[in-house]
Protein chains: 4
Amino acid sequence: MSMVKRIGVLTSGGDAPGMNAAIRAIVLTAAHHQIDVVGFKHGFIGLLQQDYQPLMTHHVDNIIQRGGTILKSARCPGLHTVEGPRHAAATLHELNIDALIVVGGDGSFRGALAIAEHYQGQIIGVPGTIDNDVDGSDMTIGYATALDTALDAIDKIRDTADAFERIFLVELMGRHSGYLALAAGIAGGAEQIICPEFGPLDPHNLQHIITPIQHAQLLRGKASYIIVVAENSYPGGSSALAEALTNAVGVECRACILGHIQRGGSPVGADRILATKLGAFAVELVINGEHLQMAGEVSGTLQGYPLAKTGDRSKAIDPYLVRWQQQIGRN
Amino acid sequence: MSMVKRIGVLTSGGDAPGMNAAIRAIVLTAAHHQIDVVGFKHGFIGLLQQDYQPLMTHHVDNIIQRGGTILKSARCPGLHTVEGPRHAAATLHELNIDALIVVGGDGSFRGALAIAEHYQGQIIGVPGTIDNDVDGSDMTIGYATALDTALDAIDKIRDTADAFERIFLVELMGRHSGYLALAAGIAGGAEQIICPEFGPLDPHNLQHIITPIQHAQLLRGKASYIIVVAENSYPGGSSALAEALTNAVGVECRACILGHIQRGGSPVGADRILATKLGAFAVELVINGEHLQMAGEVSGTLQGYPLAKTGDRSKAIDPYLVRWQQQIGRN
Amino acid sequence: MSMVKRIGVLTSGGDAPGMNAAIRAIVLTAAHHQIDVVGFKHGFIGLLQQDYQPLMTHHVDNIIQRGGTILKSARCPGLHTVEGPRHAAATLHELNIDALIVVGGDGSFRGALAIAEHYQGQIIGVPGTIDNDVDGSDMTIGYATALDTALDAIDKIRDTADAFERIFLVELMGRHSGYLALAAGIAGGAEQIICPEFGPLDPHNLQHIITPIQHAQLLRGKASYIIVVAENSYPGGSSALAEALTNAVGVECRACILGHIQRGGSPVGADRILATKLGAFAVELVINGEHLQMAGEVSGTLQGYPLAKTGDRSKAIDPYLVRWQQQIGRN
Amino acid sequence: MSMVKRIGVLTSGGDAPGMNAAIRAIVLTAAHHQIDVVGFKHGFIGLLQQDYQPLMTHHVDNIIQRGGTILKSARCPGLHTVEGPRHAAATLHELNIDALIVVGGDGSFRGALAIAEHYQGQIIGVPGTIDNDVDGSDMTIGYATALDTALDAIDKIRDTADAFERIFLVELMGRHSGYLALAAGIAGGAEQIICPEFGPLDPHNLQHIITPIQHAQLLRGKASYIIVVAENSYPGGSSALAEALTNAVGVECRACILGHIQRGGSPVGADRILATKLGAFAVELVINGEHLQMAGEVSGTLQGYPLAKTGDRSKAIDPYLVRWQQQIGRN
């Protein structure tokens, strides 16, 4: 029998489609176990500023398909101070919160770990970020949707039927890894993928990018040419890389920068299902007395994973896809 | 070193978004290994009628995002005759096809097994069907896209802001199982899900459907009410069920029958990635001398699975989701 | 200078994507002129039950892209009684509403006209219905979105690459006219369009439908065949017509019934723009002292149109498109 | 009775969704009148290089929903030479082309006018460009689709629920005018719209942009803030403007550059209908002996417009919308 009476929830860090579905699953599962839920607004800021609202089942009606998060999100520099985590823990104690569920990326989990130093309750994490760079779960909530958003853009560019007088760079998000870039590049049939896993870009030597382009020009004549680029791959960004390639290849190169478009939109089915399972499982982890664990799904099995290890960046991008792209796909 | 020089490919049975992506991966992978590819049109009919074309890399340019299949598909009653499989094998021998890759559902694999009785080459399967009812792979190509197509419809119905004077039945495909119905029902926040796994419908006693509706009317007043129904759940179809519920509950019940809409559309990222991996892996199975295996991905690992067992229907729908829906979701 | 201090708004009848955009434009325009807005819930029922809320600018933040209507909608049988309109007018007087803006179809305008018999204030209409069958405006709010929803379904069916063993009937909404069916049929490249304007269907003689199908079979062999059908074209609905055609032609005919899917979804750009213009113009009509007028856009010009004539059904479907379809398209 | 026996068609300049639908309508209408159609590839380049193919009805099966153009497109510097137009006319004479239909923007029409100096046949234009800056038709083919593509991006950005620590710039296409920017800004509920019609940007004085931002911060606190920017509005592009605003306002400003994404995608219903009508009408103009006319639709009426005047840039953006945005919307 659960001794837990009240759970706090917050969504933190960059938005991810499916966060609302996770909130909904948490609220419905908690309600089933007669546990109250309190939602903190704007991520950890809500803990510092005591900005919160009760979350009852009617609050989560019809939010499963909504992008964004009804609790809003934010980055919270305040957690990096000495007082911040102490203050946040105090709020949780004052409000008799037995456990806090944090939906976000590993950056948010670090904030949660800081709070845990002062907080007497349980802390459970749910991985919500489009980057899919959190260890402990094959997928993070939001990644599948961001992939389809990127593909929508790549498909539209592919339609563009102009003669081969342009190369298109499509810049995607992914601060630390090429998850999104690799998947979108493969699923979009991109001619090249530039991301950390494929080696760093040397601004003074782009020959390994230029040569395949020239080769394609010879082989395939005038045709569309798309390069998917993970953000932060080139100093000055993709606009600068586009300029450099235009000069080097003698063919107009244009950059499309999707930016925060990738963080929005209605979550696709896979994200809604994942968010529902991880949100429900997070509540079950709380009920089972777990602490400092992240709810994840690995190889189809729901399991807890130490929050402290979620940022180890040991999750590799799919080696089969990397090999395929390099040998057969395009790169 | 591979002794395989020529691979035949065909797509059979009901369409599934991602079939083109699979064809593309097969062609590109084979080309990488200097293996020719011959594509047969309209599924097995192409074998019987010698309707085929060479598939070279340029044939698969820009098809990764296309719904349908460039080889067309069909059901093939001819394979159920005595002569059919023999004739098909003869075509393969005449054309010096060392191996045949069949992209389709377990029905198509049965056809392949029949041909194997007379064919001296290798036969490999790739699971392509929106039903996701094929054993040996967690997902089948086309399922993820069909789920999002169903969700698009459910989301639009949810928007409909009329007072609670209607109940909506959304009928989805899934001949044998409720995979699609369960996933779409959960991801769409449906109030009820009717599918084989949740028990058969007794046309003479719909009380277990009616009671929750009446309960919701009391609790939530006027609000939208959506029931997701797997096809073939009710004699006369969903239109008949809608009529029965209208009479029983006294509230207008309307049916939306998506039908073959669910088989079309541009494949989502997950289906393009899966199709690329399974298509490439199928060629590798051929090169490795495998026979009567289906390329599948289970718990993230690519593996072969005996074609003969793909129709065992031992793949269960997600028990965690079933439990959630029954206890917490709605049912 | 406007003497108007308070405007009432309601959305009535079937939902139409863009209703929220219209509400937003009404509220923002009224605020600009320091006019209060009161929103009545569930259409005219809100007037009868005094179910309303103030609508301030923050209430309409971020609703321009939302399907449905934040004021909900409903049909209101109560307006057909003797007391109903009187009661509704009384509510408006009690609340000091100087003018009422009704967003809906011509059925809702008839309700408004009934209230006008007892109400001393102004009544202005805004055409919101997916049927586009309201006179006085080239387009009604919601029609453009419903067209694209229908096309999405037709495009997906077209993808289905099965041999010509099926004919697909796609049933669309449109109680009185074939606006949606004609436009969707042409834009979807349908082989046939069945709607009132193309002549009634005689259940006992479907030869004029069957002959073109057989002709196409001869000419084009196995290929997809789509017939767009306006609702209520055949007794028993499209499922019954599908059965009749299956028997008559000897080829499986399947029905897809979109139903209320067509009423939902995020409004497309054209509907948001139209809703913004008509909503703003409706407030200007009020300020200018107009009464019993509907805000409409005809040939690019915003103008008022007598509410009483909006249901005359004199708006013809595009004769150029009808001729094209019959001579050149397919029919 | 038409003396025309053969029509040439080409698509030129920037891609526009709906070009395929126009080609289809031209081919089907011509076939109805027993007129042959020859399609030239890559715009005018096909005339110079004699790169063409017959276009029969089966070639246009199922292209109505396809983005891009089956004839490809290109810009053609060769037409700006002395020999170019002469050479192009010679090709047309050699191939016995009685009339040439050019689908493109006013730049393409200038190329057509140059050819007309040497060509003895008729030349008819069809306006295909997402910019909607061609005089003689209220809408150009491709504009409606580009608007919805832009809205899809703006809606996704709006979802992003981060606290007001960012301003988003969404850069849209539109070389000469703010058609797309104005419509997308209004339909997307943008807080500001920057386009030529709203006055030029002075890089040294952005106060008129900064002041409303600061005002909104005070009024609305933390909330999303979106500025739609027409391309070429600021030296260095939107990335540079984003940087300038970040420094000036002290709030992170990010740029999303859609680029050529706006030229692709399946055409929406409005573009398919417009393309069908203008394509058919273009053939009728040919049959009726017209020359140097562009097929356009103005206030719902199909009419010819002198090709020479299509680039006059006298088509104003909607003054009602401009006034609304400035007074009431946001600017």
Side-chain angles (χ1 to χ4, degrees), chain A residues 21 24-25 28-33 58 60-65 138 143-152 154-155 158-159 183-184 186-189 220 223-224 266-273 275-277 280-281 283 297-302 318 320-321 323-325 327-330, chain B residues 21 24-25 28-33 58 60-65 138 144-152 154-155 158-159 182-184 186-189 220 223-224 266-273 275-277 280-281 283 297-302 318 320-321 323-325 327-330:
Chain A
R24 172 179 178 271
L28 294 184
T29 308
H32 176 74
H33 293 279
H58 69 86
V60 299
D61 265 351
N62 289 342
I63 68 168
I64 197 171
Q65 74 273 44
D138 291 343
Y143 168 70
T145 305
L147 171 59
D148 282 343
T149 294
L151 281 180
D152 189 62
I154 294 170
D155 286 351
R158 187 69 75 185
D159 273 347
I186 293 212
R220 299 165 50 219
S224 53
S266 176
V268 297
D271 274 328
R272 300 187 202 186
I273 301 268
T276 298
K277 293 174 78 169
F281 185 61
V283 174
E297 187 175 38
V298 177
S299 296
T301 305
L302 289 169
D318 191 331
Y320 191 87
L321 286 180
R323 181 168 66 84
W324 195 80
Q325 180 72 7
Q327 290 188 4
I328 299 162
R330 299 295 171 135
Chain B
R24 174 180 177 269
L28 294 182
T29 309
H32 176 73
H33 294 277
H58 69 84
V60 298
D61 265 350
N62 290 341
I63 68 168
I64 197 172
Q65 74 273 42
D138 290 342
T145 306
L147 171 59
D148 283 343
T149 294
L151 281 180
D152 189 61
I154 294 171
D155 286 351
R158 186 69 76 185
D159 273 346
L182 176 68
I186 294 212
R220 300 164 50 219
S224 52
S266 175
V268 297
D271 273 329
R272 299 187 203 186
I273 302 266
T276 298
K277 294 174 76 169
F281 186 61
V283 174
E297 187 175 37
V298 177
S299 295
T301 305
L302 290 169
D318 191 331
Y320 191 87
L321 287 179
R323 183 169 63 85
W324 194 82
Q325 179 73 6
Q327 291 188 3
I328 299 162
R330 299 295 171 137

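The sequence lines fix the lettering, A, B, ..., with proteins before strands; numbering per chain opens at 1. Quantities reported herein were computed from a predicted structural model and do not represent experimental measurements.
- Taking 4.5 Å as the limit, some side-chain heavy atom of B/I186 sits within range of a side-chain heavy atom of A/T276.
- To the nearest 0.5 Å, the span separating CD1 on A/I64 from CZ on B/R158 amounts to 9.0 Å.
- Note: A/I328 CD1 to B/H33 NE2 = 5.0 Å, rounded to the nearest 0.5 Å.
- Nearest heavy-atom pair, B/Y320 versus A/F281, reported as atom, atom and distance to 0.1 Å: OH-N, 3.1 Å.
- Heavy-atom distances place no part of A/A31 under 4.5 Å from chain B, backbone and side chain included.
- Chain B forms the most heavy-atom pairs under 4.5 Å with one residue out of A/V298, A/D152, A/I273, and that residue is A/I273.
- Both the backbone and the side chain of B/A280 come within less than 4.5 Å of a heavy atom in chain A.
- Contacts of B/D271 with chain A are absent, with no heavy-atom separation under 4.5 Å from either backbone or side chain.
- Contact annotation for B/A25: both backbone and side-chain heavy atoms come within less than 4.5 Å of a heavy atom of chain A.
- When A/A187, A/G269, A/G188 are compared by the number of non-hydrogen pairs under 4.5 Å with chain B, A/A187 comes out ahead.
- With a threshold of 4.5 angstrom between heavy atoms, A/L321 approaches chain B through side-chain atoms but not through N, CA, C or O.
- No side-chain heavy atom of B/Q65 sits less than 4.5 Å from a side-chain heavy atom of A/L151.
- When the options A/V268, A/D148, A/L147 are evaluated for a side chain to side chain contact (heavy atoms under 4.5 Å, CB included) with B/V268, the one that passes is A/D148.
- Using a 4.5 Å cut-off between heavy atoms, A/A21 does not touch chain B at all.
- Considering only heavy-atom pairs separated by less than 4.5 Å from chain A, the leading option among B/I154, B/T301, B/D138, B/L302 is B/L302.
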